[in-house]
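Order of the sequence lines fixes the chain letters, A, B, ..., with proteins taken first and strands second; residue numbering starts at 1 for each chain. Here the structure is a predicted model, which means the values were calculated and not measured.
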Amino acid sequence: MDWIGVLISAVKIVVVFSALMGAVSLMTWVERRLSGVIQFRWGPNRVGPWGLLQPIADGVKFIQKEDIIPTDAYVPLYLAAPMLAFVPAAFAFTVIPFGPDVVLFGRTVKLVILDMDGGVLWGFAATALGVYALVLAGWSSRSKFSLMGGLRSSAQMLSYELPLVLSIVAVVLVSGTLRPTEIVARQAGSIWNWNVFGGGAQLLGFILFTIAGYAETNRLPFDLPEAEGELVAGYHTEYSGMRFATFFMAEYINMMTSSALAITLFLGGWQLGFPVPWTGWPLWILQILAFVAKLAFFQFLYVWVRWTLPRFRYDQLMNLGWKGLLPLSLGNLAVTAVLVAYGVVGK
Amino acid sequence: MERVAFALIAALIVVSGIVVVRHRNPVVAAVALAFNLVGVAGVYMLLRAQFVGLLQVVVYAGAIMVLILFVIMLLNLIEEAEPHPAGTFQRWLAPLAAVAFAVTVGSGLWRSTPAAFGAAPEGFGTASSVGRELFTRFYYPFEAISLLLIVAMIGAVLLSKRRLP
(Lines give C-alpha, C1' and ligand atoms only; values in the text may rest on other atoms or scores of the structure.)
Protein backbone atom coordinates (compact mmCIF):
# COMPACT_ATOMS: atom_id res chain seq x y z
CA MET A 1 0.00 0.00 0.00
CA ASP A 2 1.20 3.46 -0.91
CA TRP A 3 1.19 5.13 2.50
CA ILE A 4 2.45 8.47 1.22
CA GLY A 5 -0.39 8.50 -1.32
CA VAL A 6 -2.89 7.85 1.47
CA LEU A 7 -1.31 10.62 3.54
CA ILE A 8 -1.50 13.06 0.61
CA SER A 9 -5.18 12.21 0.10
CA ALA A 10 -5.84 12.74 3.81
CA VAL A 11 -4.09 16.12 3.72
CA LYS A 12 -6.09 17.13 0.64
CA ILE A 13 -9.36 16.15 2.33
CA VAL A 14 -8.53 18.10 5.49
CA VAL A 15 -7.35 21.19 3.57
CA VAL A 16 -10.32 21.26 1.18
CA PHE A 17 -12.87 20.62 3.92
CA SER A 18 -11.38 23.30 6.18
CA ALA A 19 -11.27 25.76 3.30
CA LEU A 20 -14.88 24.93 2.50
CA MET A 21 -16.03 25.43 6.09
CA GLY A 22 -14.01 28.64 6.32
CA ALA A 23 -15.61 29.86 3.12
CA VAL A 24 -19.05 28.97 4.48
CA SER A 25 -18.59 30.99 7.67
CA LEU A 26 -17.13 33.86 5.67
CA MET A 27 -20.09 33.61 3.30
CA THR A 28 -22.62 34.03 6.13
CA TRP A 29 -20.93 37.35 6.87
CA VAL A 30 -20.51 38.37 3.21
CA GLU A 31 -24.15 37.64 2.48
CA ARG A 32 -25.42 39.90 5.25
CA ARG A 33 -22.94 42.69 4.55
CA LEU A 34 -23.68 42.61 0.83
CA SER A 35 -27.40 42.56 1.55
CA GLY A 36 -26.77 45.67 3.62
CA VAL A 37 -24.93 47.35 0.76
CA ILE A 38 -27.68 46.49 -1.69
CA GLN A 39 -30.44 47.68 0.64
CA PHE A 40 -28.53 50.80 1.68
CA ARG A 41 -28.02 49.85 5.32
CA TRP A 42 -25.08 48.64 7.40
CA GLY A 43 -25.39 44.93 8.05
CA PRO A 44 -23.53 43.30 10.97
CA ASN A 45 -20.52 45.55 11.66
CA ARG A 46 -20.00 45.41 15.43
CA VAL A 47 -18.10 42.20 16.22
CA GLY A 48 -14.45 42.67 15.28
CA PRO A 49 -13.17 44.81 12.40
CA TRP A 50 -15.96 45.37 9.83
CA GLY A 51 -17.97 42.78 11.74
CA LEU A 52 -15.67 40.01 10.48
CA LEU A 53 -15.92 38.02 13.73
CA GLN A 54 -19.71 37.84 13.42
CA PRO A 55 -19.67 34.19 12.21
CA ILE A 56 -17.78 33.17 15.38
CA ALA A 57 -20.30 35.01 17.54
CA ASP A 58 -23.09 33.26 15.64
CA GLY A 59 -21.44 29.89 16.20
CA VAL A 60 -21.17 30.51 19.94
CA LYS A 61 -24.82 31.55 20.00
CA PHE A 62 -25.94 28.46 18.09
CA ILE A 63 -24.10 26.13 20.47
CA GLN A 64 -25.73 27.78 23.50
CA LYS A 65 -29.26 27.48 22.13
CA GLU A 66 -31.59 24.87 23.51
CA ASP A 67 -31.88 21.78 21.31
CA ILE A 68 -35.64 21.45 20.87
CA ILE A 69 -37.22 18.20 19.73
CA PRO A 70 -40.99 18.48 19.16
CA THR A 71 -43.05 16.05 21.24
CA ASP A 72 -44.67 14.47 18.21
CA ALA A 73 -41.53 14.30 16.09
CA TYR A 74 -40.33 10.99 14.74
CA VAL A 75 -37.05 11.22 16.63
CA PRO A 76 -34.57 9.00 14.70
CA LEU A 77 -35.26 10.64 11.35
CA TYR A 78 -35.62 14.06 12.97
CA LEU A 79 -32.08 13.74 14.33
CA ALA A 80 -30.66 12.21 11.15
CA ALA A 81 -32.05 14.79 8.70
CA PRO A 82 -29.51 17.60 9.30
CA MET A 83 -26.64 15.13 8.88
CA LEU A 84 -28.21 13.80 5.68
CA ALA A 85 -28.25 17.38 4.41
CA PHE A 86 -24.65 18.07 5.32
CA VAL A 87 -22.83 14.90 4.23
CA PRO A 88 -23.92 14.67 0.54
CA ALA A 89 -23.28 18.41 0.15
CA ALA A 90 -19.69 17.96 1.30
CA PHE A 91 -19.31 14.71 -0.69
CA ALA A 92 -20.10 16.34 -4.01
CA PHE A 93 -17.20 18.74 -3.65
CA THR A 94 -14.64 15.92 -3.69
CA VAL A 95 -14.66 15.57 -7.50
CA ILE A 96 -14.09 19.27 -8.18
CA PRO A 97 -10.56 19.93 -9.52
CA PHE A 98 -9.31 23.15 -7.93
CA GLY A 99 -5.86 23.31 -9.49
CA PRO A 100 -3.48 21.68 -11.98
CA ASP A 101 -1.21 18.72 -11.36
CA VAL A 102 1.50 19.92 -9.01
CA VAL A 103 4.98 18.45 -8.53
CA LEU A 104 5.88 18.53 -4.84
CA PHE A 105 9.12 16.91 -3.61
CA GLY A 106 9.34 14.82 -6.76
CA ARG A 107 5.74 13.55 -6.55
CA THR A 108 2.95 14.56 -8.85
CA VAL A 109 -0.04 15.64 -6.80
CA LYS A 110 -3.41 16.13 -8.45
CA LEU A 111 -5.29 19.04 -6.94
CA VAL A 112 -8.56 17.14 -6.75
CA ILE A 113 -9.59 14.74 -3.99
CA LEU A 114 -11.25 12.10 -6.13
CA ASP A 115 -10.17 11.87 -9.77
CA MET A 116 -12.56 9.24 -11.09
CA ASP A 117 -13.84 8.38 -14.53
CA GLY A 118 -17.48 9.10 -13.73
CA GLY A 119 -16.71 12.18 -11.62
CA VAL A 120 -19.51 14.32 -13.03
CA LEU A 121 -21.99 11.57 -12.21
CA TRP A 122 -20.53 11.28 -8.70
CA GLY A 123 -21.10 14.96 -8.05
CA PHE A 124 -24.59 14.64 -9.39
CA ALA A 125 -25.38 11.50 -7.35
CA ALA A 126 -24.31 13.27 -4.16
CA THR A 127 -26.50 16.30 -4.81
CA ALA A 128 -29.43 14.05 -5.73
CA LEU A 129 -29.17 12.39 -2.29
CA GLY A 130 -29.47 15.80 -0.65
CA VAL A 131 -33.22 15.82 -1.32
CA TYR A 132 -33.78 13.18 1.37
CA ALA A 133 -32.72 15.56 4.12
CA LEU A 134 -35.35 18.13 3.20
CA VAL A 135 -38.12 15.58 2.72
CA LEU A 136 -37.32 13.71 5.94
CA ALA A 137 -36.90 16.88 7.98
CA GLY A 138 -40.30 18.03 6.76
CA TRP A 139 -41.98 14.74 7.47
CA SER A 140 -40.37 13.85 10.80
CA SER A 141 -41.12 17.24 12.36
CA ARG A 142 -44.84 16.41 12.20
CA SER A 143 -45.70 20.02 11.60
CA LYS A 144 -47.86 21.43 8.81
CA PHE A 145 -45.34 24.04 7.75
CA SER A 146 -42.45 21.57 7.74
CA LEU A 147 -44.43 18.99 5.78
CA MET A 148 -45.47 21.54 3.16
CA GLY A 149 -41.88 22.71 2.88
CA GLY A 150 -40.62 19.16 2.50
CA LEU A 151 -43.19 18.32 -0.17
CA ARG A 152 -42.47 21.49 -2.09
CA SER A 153 -38.75 20.93 -1.95
CA SER A 154 -38.96 17.38 -3.26
CA ALA A 155 -41.26 18.44 -6.12
CA GLN A 156 -39.06 21.41 -6.95
CA MET A 157 -35.80 19.47 -6.87
CA LEU A 158 -37.17 16.63 -9.00
CA SER A 159 -38.45 19.12 -11.58
CA TYR A 160 -35.26 21.14 -11.80
CA GLU A 161 -32.94 18.14 -11.78
CA LEU A 162 -33.99 17.43 -15.38
CA PRO A 163 -32.80 20.68 -17.01
CA LEU A 164 -29.73 20.55 -14.75
CA VAL A 165 -28.76 17.08 -15.94
CA LEU A 166 -29.61 17.77 -19.58
CA SER A 167 -27.36 20.82 -19.64
CA ILE A 168 -24.59 18.72 -18.04
CA VAL A 169 -25.11 16.01 -20.67
CA ALA A 170 -24.54 18.58 -23.43
CA VAL A 171 -21.18 19.48 -21.86
CA VAL A 172 -20.31 15.79 -21.58
CA LEU A 173 -21.14 15.37 -25.28
CA VAL A 174 -18.81 18.21 -26.19
CA SER A 175 -16.01 17.04 -23.92
CA GLY A 176 -16.36 13.35 -24.71
CA THR A 177 -15.62 12.44 -21.08
CA LEU A 178 -17.21 12.32 -17.64
CA ARG A 179 -13.91 13.00 -15.84
CA PRO A 180 -13.90 16.56 -14.43
CA THR A 181 -10.11 16.94 -14.72
CA GLU A 182 -10.25 16.13 -18.44
CA ILE A 183 -13.19 18.47 -18.98
CA VAL A 184 -11.10 21.24 -17.43
CA ALA A 185 -7.99 20.24 -19.40
CA ARG A 186 -9.97 20.56 -22.64
CA GLN A 187 -10.70 24.21 -21.89
CA ALA A 188 -7.03 25.25 -21.66
CA GLY A 189 -5.68 28.28 -23.50
CA SER A 190 -7.63 31.44 -24.11
CA ILE A 191 -11.00 32.37 -22.65
CA TRP A 192 -12.56 31.51 -26.01
CA ASN A 193 -11.81 27.82 -25.38
CA TRP A 194 -14.08 27.68 -22.34
CA ASN A 195 -17.15 25.53 -22.86
CA VAL A 196 -19.49 28.45 -22.36
CA PHE A 197 -17.97 30.21 -25.41
CA GLY A 198 -16.35 28.71 -28.50
CA GLY A 199 -14.97 25.59 -26.79
CA GLY A 200 -18.44 24.08 -26.46
CA ALA A 201 -20.91 26.73 -27.60
CA GLN A 202 -22.82 26.15 -24.36
CA LEU A 203 -23.94 29.68 -23.49
CA LEU A 204 -27.58 28.58 -23.33
CA GLY A 205 -26.59 25.45 -21.39
CA PHE A 206 -24.69 27.59 -18.89
CA ILE A 207 -27.65 29.88 -18.33
CA LEU A 208 -30.00 26.89 -17.90
CA PHE A 209 -27.55 25.23 -15.50
CA THR A 210 -27.25 28.37 -13.41
CA ILE A 211 -31.02 28.87 -13.16
CA ALA A 212 -31.62 25.21 -12.33
CA GLY A 213 -28.73 25.38 -9.84
CA TYR A 214 -30.49 28.20 -7.99
CA ALA A 215 -33.60 26.03 -7.76
CA GLU A 216 -31.59 23.00 -6.59
CA THR A 217 -29.94 24.99 -3.81
CA ASN A 218 -33.30 26.49 -2.77
CA ARG A 219 -32.02 30.02 -3.14
CA LEU A 220 -34.12 33.00 -4.10
CA PRO A 221 -35.97 33.41 -6.42
CA PHE A 222 -36.67 29.70 -5.92
CA ASP A 223 -36.71 29.44 -2.12
CA LEU A 224 -40.30 28.19 -1.94
CA PRO A 225 -39.45 25.29 0.38
CA GLU A 226 -38.74 27.87 3.07
CA ALA A 227 -40.89 30.76 1.95
CA GLU A 228 -41.12 32.77 5.17
CA GLY A 229 -44.36 34.56 4.35
CA GLU A 230 -46.29 31.31 3.89
CA LEU A 231 -44.41 28.50 5.61
CA VAL A 232 -42.62 30.17 8.59
CA ALA A 233 -39.30 28.51 7.68
CA GLY A 234 -40.37 25.49 5.64
CA TYR A 235 -38.74 22.17 6.34
CA HIS A 236 -36.54 23.47 9.19
CA THR A 237 -39.28 25.30 11.07
CA GLU A 238 -38.98 23.04 14.11
CA TYR A 239 -35.20 22.91 14.26
CA SER A 240 -33.15 25.01 16.66
CA GLY A 241 -29.55 25.56 17.66
CA MET A 242 -26.82 23.54 15.99
CA ARG A 243 -29.27 21.34 14.10
CA PHE A 244 -30.64 24.39 12.36
CA ALA A 245 -27.08 25.62 11.81
CA THR A 246 -26.23 22.31 10.12
CA PHE A 247 -29.02 22.85 7.59
CA PHE A 248 -27.75 26.37 7.11
CA MET A 249 -24.18 25.21 6.48
CA ALA A 250 -25.41 22.49 4.11
CA GLU A 251 -27.21 25.14 2.08
CA TYR A 252 -24.05 27.20 1.77
CA ILE A 253 -21.92 24.16 0.87
CA ASN A 254 -24.52 23.28 -1.77
CA MET A 255 -24.16 26.78 -3.18
CA MET A 256 -20.38 26.33 -3.30
CA THR A 257 -20.65 22.90 -4.94
CA SER A 258 -23.19 24.08 -7.48
CA SER A 259 -21.04 27.06 -8.47
CA ALA A 260 -17.89 24.92 -8.50
CA LEU A 261 -19.62 22.49 -10.87
CA ALA A 262 -20.68 25.38 -13.11
CA ILE A 263 -17.10 26.67 -13.13
CA THR A 264 -15.66 23.23 -13.89
CA LEU A 265 -18.14 22.43 -16.65
CA PHE A 266 -18.58 25.77 -18.36
CA LEU A 267 -16.03 28.34 -17.19
CA GLY A 268 -12.74 26.51 -17.60
CA GLY A 269 -12.33 25.36 -13.99
CA TRP A 270 -8.97 26.54 -12.67
CA GLN A 271 -7.77 27.69 -16.12
CA LEU A 272 -6.69 31.32 -16.19
CA GLY A 273 -8.02 31.98 -19.69
CA PHE A 274 -5.08 34.24 -20.67
CA PRO A 275 -1.35 33.59 -21.04
CA VAL A 276 1.05 34.50 -18.23
CA PRO A 277 4.85 34.53 -18.49
CA TRP A 278 5.43 32.30 -15.44
CA THR A 279 5.68 28.55 -15.02
CA GLY A 280 6.05 26.27 -11.99
CA TRP A 281 4.67 27.23 -8.58
CA PRO A 282 3.76 30.87 -9.36
CA LEU A 283 1.58 29.59 -12.18
CA TRP A 284 -0.30 27.00 -10.19
CA ILE A 285 -0.83 29.30 -7.25
CA LEU A 286 -2.27 31.78 -9.74
CA GLN A 287 -4.50 29.04 -11.17
CA ILE A 288 -5.83 28.06 -7.73
CA LEU A 289 -6.50 31.74 -7.11
CA ALA A 290 -8.35 31.89 -10.43
CA PHE A 291 -10.60 29.06 -9.23
CA VAL A 292 -11.22 30.84 -5.92
CA ALA A 293 -11.94 34.12 -7.73
CA LYS A 294 -14.51 32.47 -10.00
CA LEU A 295 -16.12 30.80 -6.97
CA ALA A 296 -16.24 34.15 -5.16
CA PHE A 297 -17.91 35.78 -8.15
CA PHE A 298 -20.63 33.12 -8.15
CA GLN A 299 -21.24 33.63 -4.43
CA PHE A 300 -21.59 37.35 -5.07
CA LEU A 301 -24.06 36.56 -7.84
CA TYR A 302 -26.19 34.53 -5.41
CA VAL A 303 -26.60 37.50 -3.08
CA TRP A 304 -27.09 39.94 -5.94
CA VAL A 305 -29.87 37.83 -7.46
CA ARG A 306 -31.45 37.39 -4.03
CA TRP A 307 -32.13 41.10 -3.65
CA THR A 308 -32.94 41.70 -7.30
CA LEU A 309 -35.63 39.17 -8.18
CA PRO A 310 -38.81 38.54 -6.20
CA ARG A 311 -39.85 35.01 -5.26
CA PHE A 312 -41.80 32.95 -7.78
CA ARG A 313 -45.28 31.70 -7.07
CA TYR A 314 -45.51 27.91 -6.92
CA ASP A 315 -47.36 27.51 -10.24
CA GLN A 316 -44.93 29.94 -11.90
CA LEU A 317 -42.07 27.83 -10.60
CA MET A 318 -43.52 24.64 -12.05
CA ASN A 319 -44.39 26.35 -15.35
CA LEU A 320 -40.88 27.71 -15.69
CA GLY A 321 -39.36 24.33 -14.92
CA TRP A 322 -41.48 22.09 -17.12
CA LYS A 323 -42.57 24.40 -19.93
CA GLY A 324 -39.56 26.71 -20.08
CA LEU A 325 -36.31 25.17 -18.94
CA LEU A 326 -37.00 21.54 -19.89
CA PRO A 327 -37.83 22.11 -23.60
CA LEU A 328 -34.97 24.63 -23.87
CA SER A 329 -32.46 22.22 -22.38
CA LEU A 330 -33.73 19.37 -24.60
CA GLY A 331 -33.33 21.66 -27.62
CA ASN A 332 -29.88 22.68 -26.45
CA LEU A 333 -28.93 19.02 -26.15
CA ALA A 334 -30.25 18.20 -29.64
CA VAL A 335 -28.44 21.15 -31.24
CA THR A 336 -25.23 20.28 -29.39
CA ALA A 337 -25.49 16.66 -30.55
CA VAL A 338 -25.80 17.81 -34.18
CA LEU A 339 -22.87 20.22 -33.78
CA VAL A 340 -20.72 17.48 -32.24
CA ALA A 341 -21.75 14.97 -34.94
CA TYR A 342 -20.64 17.36 -37.70
CA GLY A 343 -17.45 18.25 -35.87
CA VAL A 344 -18.28 21.93 -35.35
CA VAL A 345 -17.52 21.77 -31.62
CA GLY A 346 -15.93 19.16 -29.40
CA LYS A 347 -13.03 16.87 -30.10
CA MET B 1 -9.20 -4.16 2.40
CA GLU B 2 -11.70 -5.20 -0.23
CA ARG B 3 -13.01 -7.92 2.05
CA VAL B 4 -13.59 -5.47 4.89
CA ALA B 5 -15.41 -3.13 2.55
CA PHE B 6 -17.54 -5.98 1.24
CA ALA B 7 -18.41 -7.15 4.75
CA LEU B 8 -19.53 -3.64 5.73
CA ILE B 9 -21.58 -3.16 2.57
CA ALA B 10 -23.12 -6.64 2.83
CA ALA B 11 -24.09 -5.97 6.44
CA LEU B 12 -25.68 -2.67 5.37
CA ILE B 13 -27.63 -4.38 2.60
CA VAL B 14 -28.89 -7.22 4.80
CA VAL B 15 -29.83 -5.03 7.76
CA SER B 16 -31.55 -2.40 5.62
CA GLY B 17 -33.35 -5.16 3.72
CA ILE B 18 -34.71 -6.58 6.97
CA VAL B 19 -35.82 -3.11 8.06
CA VAL B 20 -37.63 -2.60 4.74
CA VAL B 21 -39.65 -5.77 5.30
CA ARG B 22 -40.18 -5.60 9.03
CA HIS B 23 -40.62 -1.93 9.93
CA ARG B 24 -44.17 -0.76 10.55
CA ASN B 25 -43.54 2.83 9.49
CA PRO B 26 -43.60 3.19 5.68
CA VAL B 27 -41.32 6.24 5.66
CA VAL B 28 -38.65 4.40 7.64
CA ALA B 29 -39.01 1.42 5.31
CA ALA B 30 -38.57 3.70 2.28
CA VAL B 31 -35.45 5.29 3.78
CA ALA B 32 -34.06 1.83 4.54
CA LEU B 33 -34.71 0.86 0.93
CA ALA B 34 -32.72 3.92 -0.17
CA PHE B 35 -29.81 2.76 2.04
CA ASN B 36 -30.19 -0.70 0.53
CA LEU B 37 -29.93 0.68 -3.01
CA VAL B 38 -26.85 2.72 -2.12
CA GLY B 39 -25.34 -0.45 -0.63
CA VAL B 40 -25.94 -2.33 -3.88
CA ALA B 41 -24.22 0.56 -5.69
CA GLY B 42 -21.28 -0.06 -3.35
CA VAL B 43 -21.16 -3.72 -4.46
CA TYR B 44 -21.06 -2.56 -8.11
CA MET B 45 -18.18 -0.25 -7.21
CA LEU B 46 -16.30 -3.15 -5.59
CA LEU B 47 -16.78 -5.13 -8.81
CA ARG B 48 -15.08 -2.24 -10.69
CA ALA B 49 -18.35 -1.38 -12.45
CA GLN B 50 -18.25 2.23 -11.31
CA PHE B 51 -20.46 3.65 -14.07
CA VAL B 52 -23.29 1.25 -13.24
CA GLY B 53 -22.77 1.95 -9.54
CA LEU B 54 -23.06 5.70 -10.00
CA LEU B 55 -26.13 5.33 -12.20
CA GLN B 56 -27.67 3.12 -9.52
CA VAL B 57 -27.34 5.95 -7.00
CA VAL B 58 -28.52 8.68 -9.39
CA VAL B 59 -31.51 6.82 -10.79
CA TYR B 60 -32.75 4.59 -7.98
CA ALA B 61 -31.68 6.29 -4.77
CA GLY B 62 -31.74 9.81 -6.19
CA ALA B 63 -34.91 9.84 -8.26
CA ILE B 64 -37.16 6.80 -7.87
CA MET B 65 -36.94 6.52 -4.09
CA VAL B 66 -37.59 10.24 -3.67
CA LEU B 67 -40.75 9.81 -5.75
CA ILE B 68 -41.86 6.87 -3.60
CA LEU B 69 -41.20 8.89 -0.45
CA PHE B 70 -43.13 11.78 -1.98
CA VAL B 71 -46.17 9.57 -2.57
CA ILE B 72 -46.02 8.10 0.94
CA MET B 73 -45.93 11.58 2.41
CA LEU B 74 -48.75 12.82 0.18
CA LEU B 75 -50.96 9.93 1.25
CA ASN B 76 -49.89 10.64 4.83
CA LEU B 77 -49.39 7.01 5.76
CA ILE B 78 -48.28 7.16 9.36
CA GLU B 79 -48.20 3.53 10.30
CA GLU B 80 -49.65 0.23 9.25
CA ALA B 81 -52.74 -0.09 11.43
CA GLU B 82 -52.22 -3.79 12.08
CA PRO B 83 -49.88 -6.48 10.82
CA HIS B 84 -50.82 -7.67 7.40
CA PRO B 85 -52.80 -10.90 7.86
CA ALA B 86 -50.97 -13.83 6.33
CA GLY B 87 -53.37 -16.00 4.37
CA THR B 88 -53.21 -19.77 4.77
CA PHE B 89 -51.94 -20.03 1.22
CA GLN B 90 -49.09 -17.64 1.96
CA ARG B 91 -48.29 -19.26 5.26
CA TRP B 92 -47.37 -22.51 3.57
CA LEU B 93 -45.94 -21.21 0.35
CA ALA B 94 -43.54 -18.63 1.82
CA PRO B 95 -41.36 -21.01 3.89
CA LEU B 96 -41.37 -23.55 1.06
CA ALA B 97 -40.21 -20.96 -1.46
CA ALA B 98 -37.57 -19.66 0.95
CA VAL B 99 -36.22 -23.17 1.60
CA ALA B 100 -36.21 -23.98 -2.13
CA PHE B 101 -34.29 -20.80 -2.87
CA ALA B 102 -31.77 -21.46 -0.08
CA VAL B 103 -31.25 -25.05 -1.29
CA THR B 104 -30.72 -23.94 -4.89
CA VAL B 105 -28.22 -21.21 -4.03
CA GLY B 106 -26.54 -23.32 -1.34
CA SER B 107 -26.05 -26.34 -3.59
CA GLY B 108 -24.66 -24.09 -6.30
CA LEU B 109 -22.20 -22.61 -3.83
CA TRP B 110 -21.32 -26.06 -2.47
CA ARG B 111 -20.50 -27.53 -5.85
CA SER B 112 -18.52 -24.60 -7.23
CA THR B 113 -14.86 -24.12 -6.43
CA PRO B 114 -13.85 -20.64 -5.35
CA ALA B 115 -11.88 -18.87 -8.05
CA ALA B 116 -10.60 -15.35 -8.48
CA PHE B 117 -12.00 -13.08 -11.14
CA GLY B 118 -9.91 -12.77 -14.28
CA ALA B 119 -8.10 -9.50 -14.77
CA ALA B 120 -10.54 -6.79 -15.88
CA PRO B 121 -10.02 -5.63 -19.47
CA GLU B 122 -8.71 -2.13 -20.10
CA GLY B 123 -11.29 0.53 -19.36
CA PHE B 124 -13.72 -1.93 -17.73
CA GLY B 125 -16.77 -0.36 -16.12
CA THR B 126 -16.17 3.13 -17.50
CA ALA B 127 -18.92 5.06 -19.24
CA SER B 128 -17.33 4.64 -22.66
CA SER B 129 -17.02 0.84 -22.41
CA VAL B 130 -20.59 0.48 -21.13
CA GLY B 131 -21.82 2.73 -23.94
CA ARG B 132 -19.93 0.74 -26.57
CA GLU B 133 -21.42 -2.53 -25.32
CA LEU B 134 -24.91 -1.02 -25.29
CA PHE B 135 -24.68 0.20 -28.87
CA THR B 136 -23.00 -2.87 -30.33
CA ARG B 137 -23.65 -6.17 -28.61
CA PHE B 138 -26.86 -5.19 -26.81
CA TYR B 139 -28.18 -2.87 -29.50
CA TYR B 140 -31.55 -4.60 -30.09
CA PRO B 141 -32.43 -5.23 -26.42
CA PHE B 142 -31.45 -1.62 -25.69
CA GLU B 143 -33.76 -0.26 -28.38
CA ALA B 144 -36.54 -2.60 -27.27
CA ILE B 145 -36.27 -1.21 -23.73
CA SER B 146 -36.42 2.38 -24.98
CA LEU B 147 -39.57 1.47 -26.92
CA LEU B 148 -41.05 -0.09 -23.78
CA LEU B 149 -40.29 3.05 -21.78
CA ILE B 150 -41.99 5.26 -24.36
CA VAL B 151 -45.07 3.04 -24.32
CA ALA B 152 -45.19 3.22 -20.53
CA MET B 153 -44.81 7.00 -20.65
CA ILE B 154 -47.61 7.45 -23.20
CA GLY B 155 -49.76 5.13 -21.10
CA ALA B 156 -49.18 7.25 -18.01
CA VAL B 157 -50.09 10.44 -19.88
CA LEU B 158 -53.25 8.82 -21.28
CA LEU B 159 -54.32 7.53 -17.87
CA SER B 160 -53.84 10.89 -16.22
CA LYS B 161 -55.72 12.70 -19.02
CA ARG B 162 -58.76 10.45 -18.84
CA ARG B 163 -61.83 12.32 -17.67
CA LEU B 164 -63.30 11.10 -14.45
CA PRO B 165 -67.08 10.50 -14.52
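Among the candidates A/G118, A/G138, A/A80, the residue making the largest number of heavy-atom pairs closer than 4.5 Å to chain B is A/G118.
In this structure, the portion of A/V131 lying under 4.5 Å from any heavy atom of chain B is its side chain and not its backbone. The contact between A/A155 and chain B is made by backbone and side chain atoms together, counting heavy-atom distances below 4.5 Å. If you measure heavy-atom distances from A/L178 to chain B, the contacts under 4.5 Å come from the side chain alone. Proximity to chain B involves both the backbone and the side chain of A/L121, based on heavy atoms less than 4.5 angstrom apart.
Under the rule for a side-chain hydrogen bond (donor to acceptor under 3.5 Å, both in side chains), the partners of A/N319 that lie at least two apart in sequence or sit in another chain are A/K323.
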Checklist entry - Given B/V27 and A/L136, is the side-chain contact (heavy atoms from CB on, under 4.5 Å) satisfied, shown in steps? => result CA-CA 8 Å; B/V27 171; A/L136 292 178; 3.9 Å; yes
Next on the checklist: Walk me through whether A/W139 and B/L69 qualify under side-chain contact (heavy atoms from CB on, under 4.5 Å).
Outcome noted: CA-CA 10 Å; A/W139 180 82; B/L69 211 55; over 6 Å; no
Pair up each side-chain donor or acceptor in residues 138-160 of chain B with any protein partner under 3.5 Å, not counting sequence neighbours, and list the distances.
| from | atom 1 | to | atom 2 | distance (Å) |
| --- | --- | --- | --- | --- |
| B/S146 | OG | B/E143 | O | 2.7 |
| B/S160 | OG | B/A156 | O | 3.2 |
| B/S160 | OG | B/V157 | O | 2.9 |

Donor-acceptor contacts under 3.5 Å from residues 84-93 of chain A side chains, at least two apart:
none

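Note that OG1 of B/T126 is 11.0 Å distant from CE of A/M116, once rounded to the nearest 0.5 Å.
Contact annotation for residues 48-63 of chain B against chain A (heavy-atom separation below 4.5 Å, listed by residue number): B/Q50, B/F51, B/L54, B/L55, B/V57, B/V58, B/A61, B/G62, B/A63.
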